[in-house]
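Shown next, in structure tokens, is the structure this report addresses.
Source: prediction; values computed, not measured. In what follows, chains carry the letters A, B, and so on, assigned in the order in which the sequence lines appear, proteins first and then strands, with residues in each chain numbered from 1.
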2 protein chains.
Amino acid sequence: MEPIRRRALIDATIIAIGEHGALDVTMADIAGRAGVSAALAHHYFGGKDDLLFATMRHILAELGLEVRTAVHGLSGADRVRAVIQVNLSQGQFRPEIIAAWLAFYVEARRNAALGRLFRIYVRRLHSDLLSGLTHLPRAGAVRTARGIAALIDGLYLRRALGEGAADSMAAIDLVEDYLDTALARSARRA
Amino acid sequence: MEPIRRRALIDATIIAIGEHGALDVTMADIAGRAGVSAALAHHYFGGKDDLLFATMRHILAELGLEVRTAVHGLSGADRVRAVIQVNLSQGQFRPEIIAAWLAFYVEARRNAALGRLFRIYVRRLHSDLLSGLTHLPRAGAVRTARGIAALIDGLYLRRALGEGAADSMAAIDLVEDYLDTALARSARRA
DNA sequence: CTTATAATTGATTGATGAGTCAATCAAGAA
DNA sequence: TTCTTGATTGACTCATCAATCAATTATAAG
């Protein structure tokens, strides 16, 4: 039962946060969605913080897996494009995922464990991007990677707010455009 | 007394949210920082939501004033640069301001009034940027404005998480670079 | 001095929600 | 069947906090 319950509770947590828009969902709400009692959620996860942590780790792990799959065998600009596409794919761009993401981002300022999780994600994204920008001079590559990462996050944020936000395709377009420009400029200079 | 207390309470709210990192600060905490009782905060603001709303409106009003001042008399790329510089100035880039900003962003998903406030800000930023990009073709201007806005928000987000985030100057540099590239590309094409 | 008005608070209420626990229930092993 | 172990829950406790209110104090006007 344990793995089934854990998974169901994590899924329920994502949905609950997505609907609620913040982390102040109750254990009873989450447990209810998963079809169990609040006491059971405590039994398997220990406490609310642990459940939230496990949920965020799950989201990041899924994203990480997607990235690694997409990137496999690619190099150079194609590799960067793959990273961009995964990060802004419909799957990652779902409102409830973004809401959870954002809520966790806020929480990460207080929860040391969550903060660590996010820093790992940030670093991984950065190095994934850098590894596809090797033909750029080091400084330019770092700057481009930072710009892409900021763009991705910014587009997430807008999406979270709703209204007039770019959809998945438009967002990917915008970031790839940024990448192409950076590459073109570098080529022109060489 | 009223204006003094209101101002003190709003300032205290910003500090409290900044330190706490989220909106779950208590009225007692805020009131304490402002040197009054929690009951008084209720007296002047009606309720916690109203105080939070007033606080966010205050932050946005200050930013709006700064932008309008900076932009005054400028046009074209200079105008855009001014908007960028204000949005990423040290004042706006203070950790407690960013923390408040981010926390409110999350809350805006649930609180209709807050959501409206943010949408006004988003639209104003967009039109401020557009008004400095008139020499670009319309479609390109819109896209560039969106990109700049996303970059600004993304850099905010990174800053909120701390660790390795760009400082005010580096952030401005990055976004201005984006602007220059967009302008240069447009000029080359013409 | 008196009175009205605003400022201010301590004490209280009521609601909410995390976490605990002792008690059932189910299922497989001996 | 009996025992053991894990699954499961309802009921309870405890803490926190927003909101209220009646009471007190200060201020200013007449």
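- Extent of DNA chain C lying under 4.0 Å from chain B heavy atoms, first and last nucleotide in 5' to 3' order, is C:dA7 to C:dG10.
- A salt bridge links A:Asp180 with A:Arg81: at least one charged nitrogen is closer than 4.0 Å to a carboxylate oxygen.
- Aromatic pair A:Phe118/A:Tyr105: centroids less than 6.0 angstrom apart.
- For the pair B:Leu40 CG and D:dA26 C1', the computed distance is 13 Å after rounding to whole Å.
- Cluster partners of A:Val142 are A:Leu130, counting Ile, Leu, Val, Met, Phe, Trp and Tyr whose side-chain heavy atoms approach within less than 4.5 Å, directly or via other members.
- The structure places CG of B:Leu129 at 9.5 Å from OG1 of B:Thr144, a figure rounded to the nearest 0.5 Å.
- By the side-chain contact (heavy atoms from CB on, under 4.5 Å) test, A:Arg143 is found to be paired with B:Asp173, B:Leu174, B:Asp177, residues two or more places apart in sequence or in another chain being considered.
- Within 4.0 Å of A:Phe45, counting heavy atoms only, lies no atom of the nucleic acid at all.
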N/O to N/O distances under 3.5 Å, protein versus nucleotides 14-18 of chain D:
unit_1 : atom_1 : unit_2  : atom_2 : d
D:dA18 : OP1    : B:Val25 : O      : 3.4
D:dA18 : OP1    : B:Lys48 : NZ     : 3.0
D:dA18 : OP2    : B:Met27 : N      : 2.9

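- Open room surrounds CD on B:Gln90; 12 or fewer heavy atoms of other groups in view lie less than 6.0 Å from it.
- Atoms CD1 and CD, from A:Ile14 and A:Glu62 in turn, are 7.0 Å apart once rounded to the nearest 0.5 Å.
- For the segment residues 50-59 of chain B, the set of residues with a heavy atom within less than 4.0 Å of an atom of DNA chain D is empty.
- Here CG of B:Asn87 is found 11.0 Å from CG of B:Leu155. Values are rounded to the nearest 0.5 Å.
- Separating the CD1 atom of B:Ile4 from the C1' atom of D:dT27 is a distance of 14 Å, rounded to the nearest angstrom.
- For B:Phe53 and B:Phe45, the gap between ring centers reaches or exceeds 6.0 Å.
- For residues 19-31 of chain B, the set of pairs meeting the salt bridge (Lys or Arg N to Asp or Glu O under 4.0 Å) definition, not counting sequence neighbours, comprises A:Arg110-B:Asp24, B:Glu19-B:Arg33, B:Asp29-B:Arg33.
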